[in-house]
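What follows is one structure encoded as structure tokens, with my remarks underneath.
Everything numeric in this text was worked out from a predicted model, so none of it was measured. The sequence lines fix the lettering, A, B, ..., with proteins before strands; numbering per chain opens at 1.
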Amino acid sequence: MHWADYTAQKLAGRGSPQVVVSGITPSGEFHIGHLREILTAEMIHRACLDSGIQSRYVFIVDSMDPLRRVYDFLSPSYESYIGVPLANIPAPDENGEPDEEGGSYADFFLGPFLDALKQIGVEPEVVMNHLTYENGDFAEMIDSAITNREKIHEIIENVSGRDLPEDWFPYNPLGSNGSLDGVKVTGYEKPFVHWVDTTGTTGKSDIRLAEGKMPWRIDWAARWAIHGVTCEPAGKDHGAAGGSYDTGIPICELLGGKPPEKMVYEWIQLKGMGPMSSSKGVTIGPMEALSLVPPEILRYVIARSKINRHIEFDTGTALFEMADEYERFQVPNEEDGDLSKRQRIARDTQLGAMRLSQVERGSDPADWIAGVSFRHLSMLAQIKSDDQGVWSSLQRSGHLSGEPGFSLRGRLERMRNWVDGEHFPEEARITIQSEVDRDIASEIGNDSRAFLEMLARGLRTCDWDEGSIGETIRTSAADSGIENRKAYIALYMVILGRGYGPRVSSLMSEMDRESLIGIISSI
RNA sequence: GGGCCUGUAGCUUAGUCAGGUAGAGCACCGGGCUUUUAACCCGGUGGCCGGGGGUUCGAAUCCCCCCGGGCCCUCCA
């Protein structure tokens, strides 16, 4: 059974409806690691719906979280916003300067991410956490946390094993400059928390408004109670023993809520570059990923892996394999009575992964298979500059009957982006030589030259289609007495500058006759 | 220091919760498709399941120890 279905089944015992939640801080560009957070939760949500369990999927944006530091993409003028909630900070302009007209920092980064989510079929209920503070929904929780201050203090110290300062307080008010940093609590009279900030200014925060926030570990536990969260997969950073999941559970219970089961997913790494990190430049954004990888396959990347396995996101050679694995999928057609228990499990898991990979819930995975392998398509995309040429080639080769569907068109569009970009693997790149390199020419032996001469002659008169060209190659090889293998290698060397490549006759049939003959004769 | 996750064929992995002869894909090799090269079909090679000990009639699976990799205990998907 697929992990999402398994989780849905376990959740069914918790009552209804399910509230499946993701939470992310919009502190900068989103990356595909965040996509795992989102998709893990969204797939569980879908699995619930698919098995008839009522469910909501909520994306809580941590817009009340403060700016922690001035990131590389921000100008130094953001220094003054450190500690200020992201919802209250102006978005950066193209130079990284605060742009007073550009809306909030949180919205600025959230917008494109939500657009990307839409493309992969994810349309969550979005909750801006600062609004939950602003409309007073946190007030009871804050009051309760302050009242139970000692107990919470004890939970955090016992569970996480770290020492909290004596004057620790479960609520951080905003100071006179709008920052949470360095503000000391001096007293509490419901609903006001009194404080003094770093400038010596005193004031009071109304807990029914967004005039302060609870520290992360309590904030998280409180929102479980407020929103009735039944499931929230968290990154492994939260999941470690003594981490915020472990403290959140008892704190949530203390606050009168019923916490979700602990659920932890592994991180996505970029091939050979370790974990995603914006500050180290190790990052691929969801939009960039979507420009290369079709949305159903991007979903499949997440769906095919168990949640506690790390995912290596590879936009190089491995993408061929990933995509072709998706393409190979076939709806099981018979009863499979002779499958072993294991094979049945594997098949059902695979079916689940394919089902959950669909952009539109409920659509048939079989409708979203392009019918052409990524490898083959990558060759066509490289040798055919116009799309129509690709379609006709596919029709001739029998990959396509009739007109290309939406799915296949999307595949080609992204394939072209991939081919044109930096991620496309060199060994898959086809570069037709405009002239033959001297070193290469010197490596070609006399027997091969004889073959190439004969071929050039044959190509002048043969029909210009794959079959005839192939035939001409074979006869030329036979007539010149060279082994087929050697003939092909020589041909590849001349055309591509290396001894191997895609089916050479189809490659040649896409080239202009005169220029091809020119190259071959130039030896 | 304390703890969590993880280590199965060259690569990616299923199977570990409920112990019963190690499954798959890629790659590779062989064959086929009225002749091959990154299309397609069929078949095959390949695994002391990280190491050691224990429980058991029987262990990849349960228990203990060790080794390697990742992560957390300060905010981090």
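Taking the P atoms as reference points, B:G51 lies 37 Å from B:C41, given to the whole Å. Straight-line distance between the C1' atoms of B:G58 and B:U6: roughly 27 Å, to the nearest whole Å. Here, B:G69 and B:U8 have their P atoms 14 Å apart, quoted to the whole Å. For B:U16 and B:G43, the C1' atoms lie 32 Å apart once the distance is rounded to whole Å. Comparing the same atom, P, in B:C29 and in B:A39 gives a spacing of 13 Å after rounding to whole Å. Between the C1' atoms of B:C49 and B:G23, the separation comes to 12 Å (whole Å). When the P atom is compared between B:C72 and B:G54, the two are found 37 Å apart, to the nearest whole Å. Spacing of P atoms, B:G70 relative to B:C64, comes out at 24 Å, to the nearest Å.
Under the Watson-Crick or G-U wobble criterion, with both distances below 3.5 Å, B:C49 is left unpaired in every strand shown. When Watson-Crick and G-U wobble pairs are counted only if both distances are under 3.5 Å, B:U55 pairs with no nucleotide at all. Nucleotide B:C29: paired with B:G43 (Watson-Crick or G-U wobble, both distances less than 3.5 Å). Searching all strands for a Watson-Crick or G-U wobble partner of B:C17 with both distances below 3.5 Å returns nothing. Here B:G1 sits opposite B:C73 as a Watson-Crick or G-U wobble pair (both hydrogen-bonding atom distances under 3.5 Å). Of the nucleotides present, none pairs with B:A38 by Watson-Crick or G-U wobble criteria with both distances under 3.5 Å.
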Quiz item: Under the side chain to side chain contact (heavy atoms under 4.5 Å, CB included) criterion, do A:Met43 and A:Thr7 qualify, and how do the steps go?
Solution: CA-CA 10 Å; A:Met43 284 174 186; A:Thr7 308; over 6 Å; no
Quiz item: Does the salt bridge (charged side-chain N to carboxylate O under 4.0 Å, His left out) test come out yes or no for A:Arg299 and A:Glu296, once each step is laid out?
Solution: CA-CA 5 Å; A:Arg299 289 185 67 105; A:Glu296 61 275 17; over 6 Å; no
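We find that NE2 of A:His31 is positioned 13 Å from P of B:C76, with the value rounded to whole Å. What separates CD1 of A:Ile156 from P of B:C75 is a distance of 9 Å, to the nearest Å. In this entry the distance linking CD of A:Gln269 with P of B:G70 reads 9 Å, nearest Å. Put simply, CH2 on A:Trp220 is 12 Å from C1' on B:C76, counting in whole angstrom units. Per the geometry, CZ belonging to A:Arg429 stands 15 Å off C1' belonging to B:A38, to the nearest Å. If you take OH of A:Tyr245 and P of B:C72, they are 18 Å apart, rounded to a whole angstrom. With rounding to whole Å, A:Ile430 atom CD1 is found 13 Å from B:A39 atom C1'. Across the protein-nucleic acid pair, A:Tyr300 atom OH and B:U12 atom P stand 16 Å apart, rounded to whole Å.
Counting only heavy atoms from C-beta on, A:Arg217 has its side chain closest to B:C75 among B:C75, B:G15, B:A38. The side chain of A:Glu321 lies closest to B:C26 when the candidates are B:C17, B:C26, B:C75. Among the nucleotides B:C72, B:A38, B:C26, the one closest to any side-chain atom of A:Asp237 is B:C72. With B:C17, B:C75, B:A14 as the choices, the nucleotide that has an atom nearest any side-chain atom of A:Lys306 turns out to be B:A14. Closest to the A:Arg309 side chain, of the nucleotides B:A39, B:G15, B:G7, is B:G7. Proximity note for A:Ala428 (side chain, C-beta onward) versus B:A38, B:U13, B:G15: the nearest is B:A38.
Using a 4.0 Å heavy-atom cutoff across all strands shown, A:Phe374 reaches no nucleic acid atom at all. Nucleic acid contact for A:Thr25: sugar-phosphate only, since backbone atoms but no base atoms lie under 4.0 Å from a heavy atom of the residue. Within the nucleic acid shown, A:Gly235 comes within 4.0 Å of sugar-phosphate atoms alone, with no base atom in reach, counting heavy atoms only. A:Ala318 comes within 4.0 angstrom of nothing in the nucleic acid, heavy atoms only. A:Arg36 comes within contact range of no nucleotide atom at all, as no heavy-atom separation falls under 4.0 Å.
Dashed line: the shortest gap from a side-chain N or O of A:Arg304 to OP1 or OP2 of B:U12 is not under 4.0 Å. A close approach under 4.0 Å does not occur between any side-chain nitrogen or oxygen of A:Trp267 and OP1 or OP2 of B:C5. Contact check, A:Lys236 against B:G70: no side-chain N or O comes under 4.0 Å of OP1 or OP2.
Between A:Phe424 and A:Trp418, the two ring planes are perpendicular [angle over 60°; tilted spans 30° to 60°]. The aromatic rings of A:Tyr300 and A:Tyr326 sit perpendicular, their planes meeting at an angle over 60°, well past the 30° parallel limit. Using bins of under 30°, 30° to 60° and over 60° for the plane-to-plane angle, the ring pair A:Trp224/A:Trp220 lands in the tilted bin.
Along RNA chain B, the nucleotide nearest A:Lys262 and the nucleotide nearest A:Arg474 are compared for position; the residue whose nucleotide lies closer to the 5' end is A:Lys262. Heavy-atom distances to RNA chain B give each of A:His310 and A:Gly33 a nearest nucleotide, and the one nearer the 5′ end belongs to A:His310.
For the side chain to side chain donor-acceptor pair (under 3.5 Å) criterion with A:Asp62, the lone passing option out of A:Arg223, A:His130, A:Lys213 is A:Arg223. If you run ring pair (Phe, Tyr, Trp, His ring centres under 6.0 Å) between A:Phe73 and each of A:Phe108, A:Tyr78, A:Phe109, only A:Phe109 comes through. The side chain to side chain contact (heavy atoms under 4.5 Å, CB included) test with A:Glu232 is passed by exactly one of A:Val19, A:Val20, A:Val21: A:Val21.
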